[in-house]
J.: 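I have a structure here, written as C-alpha cells, and I will follow up with some questions on it.
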Amino acid sequence: MKEKLIDLFEYTYHFNIEMIKVISENRGLVDDKTINLINHTLNAQQIWNARILGEKTFEVWQINPFESLVETNHKNFLKSIDIINNFDVDTKIEYQNSRGTKFENTIFEMLFHAVNHSTYHRGQINSLLKQKGITPVLTDYIFYKR
C-alpha cells in the first residue's frame, strides 16, 4: 500500500511542476483564478501534511509568491513521502478543518484525499488554460505511467 501511495505522490509532484511551468510560461495570459487555484492546490497538500504532523498550516486560499511555488511543491512532496515511510497509514488523526470543525480520519484517507484534490484542481486549471488559448497539460495518471 505504501508503495502505491508513494507512486501517487510522485505523480502529483510531477504534474504540479508541469502546471507551475505552463503557468509561468504564460503569466501574461493567465488570470487570477488560475493563480488562486495553483496556490490552493499546493496549500491543500501542505495543510493535510501539517494536520497529520500537528504542524502550523497554510491558509486554504493564501497566495504565495509565484517564485516559491516550485519549492513549496517540493517540500510538500518530501513531507508526504516522509509521512508514508514513517507512519502507520491506518492510524487515525483528529484534526480541525478551516472552519474549526473537528474530524477524525486515517492517514491513508487524508493523503489519498490530498492526491485526489490536486487532480481535481489541475483539471480546473487546465480548463482555464484552454479558455485562454493555452494548450492544457495532459495530466491523466495513465499518461504519467506510460
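Sequential numbering from 1 along the given sequence is applied to the chain's residues.
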J.: Enter the distance from Leu53:CG to Arg51:CZ here, rounded to the nearest 0.5 Å.
T.: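 Between atom CG of Leu53 and atom CZ of Arg51 there are 12.5 Å.
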J.: Give, for atom CG of Asn16 and atom CD1 of Ile38, the distance between the pair rounded to the nearest 0.5 Å.
T.: 5.5 Å
J.: Where the side chain of Asn26 meets the backbone of Val22, is there a donor-acceptor pair that is under 3.5 Å apart?
T.: yes
J.: If every non-hydrogen atom of Asn39 is compared with every non-hydrogen atom of Asn64, which pair is closest and at what distance?
T.: OD1-N, 2.8 Å
J.: Any side-chain heavy atom of Asn126 within less than 4.5 Å of one from Val137?
T.: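 When only atoms from C-beta onward are counted, Val137 and Asn126 do touch, with a gap below 4.5 Å.
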J.: Nearest 0.5 Å, what's the CD-CZ distance between Gln96 and Phe103?
T.: 10.0 Å
J.: Check this for me: Tyr144, atom OH, are more than 12 non-hydrogen atoms of other residues, nucleotides or ligands nearer than 6.0 Å?
T.: yes
J.: Quick one: NE2 on His74 to NZ on Lys79, what's the gap to the nearest 0.5 Å?
T.: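 Reported to 0.5 Å precision, the distance equals 12.5 Å.
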J.: For the NE2 atom of His14 and the CE atom of Met19, what is their distance to the nearest 0.5 Å?
T.: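 So the gap between those two atoms works out to 10.5 Å.
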J.: Does Lys2 NZ have over 12 foreign heavy atoms under 6.0 Å away?
T.: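 Yes, enclosed.
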J.: Grouping I, L, V, M, F, W and Y whenever their side-chain heavy atoms are under 4.5 Å apart, do Met1 and Ile93 come out in a common cluster?
T.: yes
J.: To check you understand the geometry: which heavy-atom pair defines the closest contact between Leu111 and Ile83, and what is its length?
T.: CD1-CG2, 4.0 Å
J.: When you compare the side chain of Thr135 with that of Leu129, does any pair of heavy atoms fall below 4.5 Å?
T.: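 Answer no - side chains too far apart.
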J.: If every non-hydrogen atom of Gln45 is compared with every non-hydrogen atom of Phe77, which pair is closest and at what distance?
T.: NE2-N, 3.9 Å
J.: Side-chain heavy atoms under 4.5 angstrom apart, residues restricted to Ile, Leu, Val, Met, Phe, Trp, Tyr: same cluster for Leu5 and Leu78?
T.: yes
J.: Testing the basics here: between Phe15 and Leu138, what is the closest heavy-atom pair and its distance to 0.1 Å?
T.: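 Where Phe15 meets Leu138 most closely, the heavy atoms are CE2-O, 3.2 Å.
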J.: Determine, using the 4.5 Å side-chain heavy-atom cutoff (strictly less than), whether Tyr120 and Ile47 are members of one ILVMFWY cluster.
T.: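 Cluster IDs for Tyr120 and Ile47 differ.
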J.: Side-chain contact, heavy-atom cut-off 4.5 Å: Ile6 with Ile81?
T.: yes
J.: Which pair of heavy atoms, one from Asn76 and one from Leu42, lies closest together, and at what distance?
T.: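 Nearest heavy atoms, Asn76 then Leu42: ND2-O, 2.9 Å.
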J.: State yes or no: do Ile134 and Phe143 share one hydrophobic cluster built from I, L, V, M, F, W and Y residues joined by side-chain heavy-atom distances below 4.5 Å, directly or via other members?
T.: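 Hydrophobic grouping puts Ile134 apart from Phe143.
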J.: Any heavy-atom pair between the side chains of Asn36 and Ile63 that's under 4.5 Å?
T.: yes
J.: Please check if atom CZ in Phe66 has more than 12 non-hydrogen atoms from other residues, nucleotides or ligands closer than 6.0 Å.
T.: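 Above 12, so yes.
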J.: Between Arg122 and Thr12, is the side chain to side chain contact (heavy atoms under 4.5 Å, CB included) condition met? List the steps.
T.: CA-CA 10 Å; Arg122 283 192 303 271; Thr12 297; 3.8 Å; yes
J.: Show, in sequence, the C-alpha distance, side-chain angles and deciding distance for Thr34 and Asp31, and conclude whether the side-chain hydrogen bond (donor to acceptor under 3.5 Å, both in side chains) test is met.
T.: CA-CA 6 Å; Thr34 302; Asp31 58 14; 2.9 Å; yes
J.: For Thr139 and Tyr11, which heavy atoms make the closest approach, and how far apart are they?
T.: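 That closest heavy-atom pairing would be O-OH, 2.7 Å.
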J.: Do Tyr141 and Asp7 have side chains that approach each other closer than 4.5 Å (heavy atoms only, starting at C-beta)?
T.: yes
J.: Apply side chain to side chain contact (heavy atoms under 4.5 Å, CB included) to Val70 and Lys21, showing your working.
T.: CA-CA 9 Å; Val70 170; Lys21 181 180 170 186; over 6 Å; no
J.: Between Thr101 and Asn97, is there a donor-acceptor pair closer than 3.5 Å when you use the side chain of the first and the backbone of the second?
T.: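 Not at all, since once roles are kept as given, no pair shorter than 3.5 Å links the two residues.
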J.: Please report the C-alpha distance between Asn43 and Trp48 in whole Å, then the side-chain angles of each, then the deciding distance to 0.1 Å, and finally whether the side chain to side chain contact (heavy atoms under 4.5 Å, CB included) criterion is met.
T.: CA-CA 9 Å; Asn43 293 346; Trp48 285 105; over 6 Å; no
J.: Return yes if some donor-acceptor pair links the side-chain N/O of Ser127 with the main-chain N/O of Gly123 below 3.5 Å, else return no.
T.: no
J.: Going through the checks in order, is the side chain to side chain contact (heavy atoms under 4.5 Å, CB included) test met by Leu128 and Val30?
T.: CA-CA 8 Å; Leu128 292 170; Val30 298; over 6 Å; no
J.: Which value, rounded to the nearest 0.5 Å, describes the distance between Ile35 atom CD1 and Ile23 atom CD1?
T.: 5.5 Å
J.: So which of His117, Gln124, Gln62, Glu59 actually passes side chain to side chain donor-acceptor pair (under 3.5 Å) with His40?
T.: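 Only one of His117, Gln124, Gln62, Glu59 forms a side chain to side chain donor-acceptor pair (under 3.5 Å) with His40, namely His117.
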J.: When you measure from the side chain of Ser118 to the backbone N and O of Ala114, does any donor-acceptor pair fall under 3.5 Å?
T.: yes
